[in-house]
Amino acid sequence: MVAPGLRLGAERFLETPAVLGRLSRPYSMSQTLAEVLQLPKKQLTKLLYPLQELERHLAPDTGPDLHLRIFDPSLEDIARAESIFTATVRNRIDYLSSAVRIDHAPDLSRPEGHTKKMNFFKVGKYFTLVDMPGYGYRAPEDFVDMVETYLKERRNLKRTFLLVDSVVGITKTDNIAIEMCEEFALPYVMVLTKIDKSSKGHLLKQVLEIQKFVNTHTQGCFPQLFPVSTVTFSGIHLMRCFIANITGNLD
């Protein structure tokens with residue numbers, strides 16, 4: 001229920017003239033983003049801003065309340081965020097601990113417990129990502145005691161990310177998770193996964209339907225969706241930038 005597919009690339013500084021022409025200063029970044037920034041504009045847009053790519057196929061009279069690009073960072077913002085997610089000697093990204101109940105959740109200075117339930121990853125000095133087990137029929141038997149209690153009582157929780165399969169759309173189990181976030185008044189985000197599995201037309205249809213659902217049936221959901229693919233890496237850099245922003249690391 002946290003950001004998926006956060007791959008850590010090798011350290012690299014922006015050196016190519018084309019990239020330096022767009023950014024005001026060099027940032028430590030992954031090999032992946034450095035290569036993306038050298039792509040032609042159309043390919044770059046498709047990988048960094050997938051909603052912007054889809055927007056080209058909308059009918060001119062499509063409602064203005066779709067909120068497809070509320071969070072629309074610059075290339076420099078994305079590069080700054082990428083430096084946070086790039087592992088270096090000074091910026092370690094470590095598996096921290098696992099926890100089974102809220103009282104097992106680790107103190108960042110002295111991690112405790114190792115139960116392989118909720119996995120904590122410390123991203124440098126910036127924040128901690130918590131990878132939670134999935135909900136639905138495959139959820140662990142102690143899901144309610146473990147996950148719901150954590151979400152209700154963790155005071156420094158910044159945002160919850162709900163992963164929705166973009167091929168099948170919002171399911172009954174997704175609705176359970178959405179209702180839980182709404183009931184607990186949690187700020188959350190919908191991440192549409194596996195966008196590489198859908199045709200452009202099907203993906204656009206799902207985005208419009210889910211966006212309408214967010215606009216009309218939710219209160220705490222961030223109005224912009226985040227389509228991603230861990231295969232093509234499309235949308236991953238944008239979501240990383242969003243995480244860096246909501247944790248106060250782009251200020």
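Keep in mind that what you see is a predicted model, and the values were worked out from it rather than measured.
Contact check on Glu53 versus Lys200 returns a salt bridge, with a Lys/Arg side-chain nitrogen under 4.0 Å from an Asp/Glu carboxylate oxygen. A salt bridge does not link Glu148 with Lys152: none of the charged nitrogens is closer than 4.0 Å to a carboxylate oxygen.
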Inset, instruction - Kindly indicate, with the supporting measurements, whether the criterion side chain to side chain donor-acceptor pair (under 3.5 Å) is fulfilled by Thr88 and Asn91. - result: CA-CA 5 Å; Thr88 67; Asn91 186 49; 5.0 Å; no
Legend entry - salt bridge (Lys or Arg N to Asp or Glu O under 4.0 Å) assessment of Lys205 paired with Glu209: CA-CA 6 Å; Lys205 178 175 180 289; Glu209 288 180 356; 2.9 Å; yes
Inset, instruction - Please lay out, stage by stage, how Asp94 and Lys122 fare under the test salt bridge (Lys or Arg N to Asp or Glu O under 4.0 Å). - result: CA-CA 5 Å; Asp94 295 323; Lys122 189 175 182 182; over 6 Å; no
Inset, instruction - Please step through side chain to side chain donor-acceptor pair (under 3.5 Å) for the pair Glu182 and Tyr188, ending with a clear verdict. - result: CA-CA 9 Å; Glu182 293 287 336; Tyr188 63 102; 2.6 Å; yes
Legend entry - Step-by-step side chain to side chain donor-acceptor pair (under 3.5 Å) determination, Ser234 to Thr232: CA-CA 5 Å; Ser234 179; Thr232 65; 4.6 Å; no
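No close placement of the Tyr126 and Phe121 rings is indicated, their centers lying 6.0 Å or farther apart.
Here Leu238 contributes atom CG and Phe226 contributes atom CZ; the two are 5.5 Å apart, rounded to the nearest 0.5 Å.
For the residue pair Thr193 and Asp165, the shortest heavy atom distance occurs at OG1-CA, 3.6 Å.
Between Phe213 and His217, the two ring planes are parallel [angle under 30°; tilted spans 30° to 60°]. Ring geometry, Phe71 versus Phe242: the interplanar angle exceeds 60°, so the pair is classed perpendicular (tilted spans 30 to 60°).
There is a side-chain donor-acceptor pair under 3.5 Å between Ser74 and Asp77.
Proximity of Leu51 to Val207: side-chain heavy atoms (C-beta onward) are separated by under 4.5 Å at one or more points. Within the 4.5 Å cutoff, the side chain of Val228 has no heavy atoms near those of the Lys194 side chain.
Between the Asp174 side chain and the Thr171 main chain, a donor and an acceptor come within less than 3.5 Å of each other.
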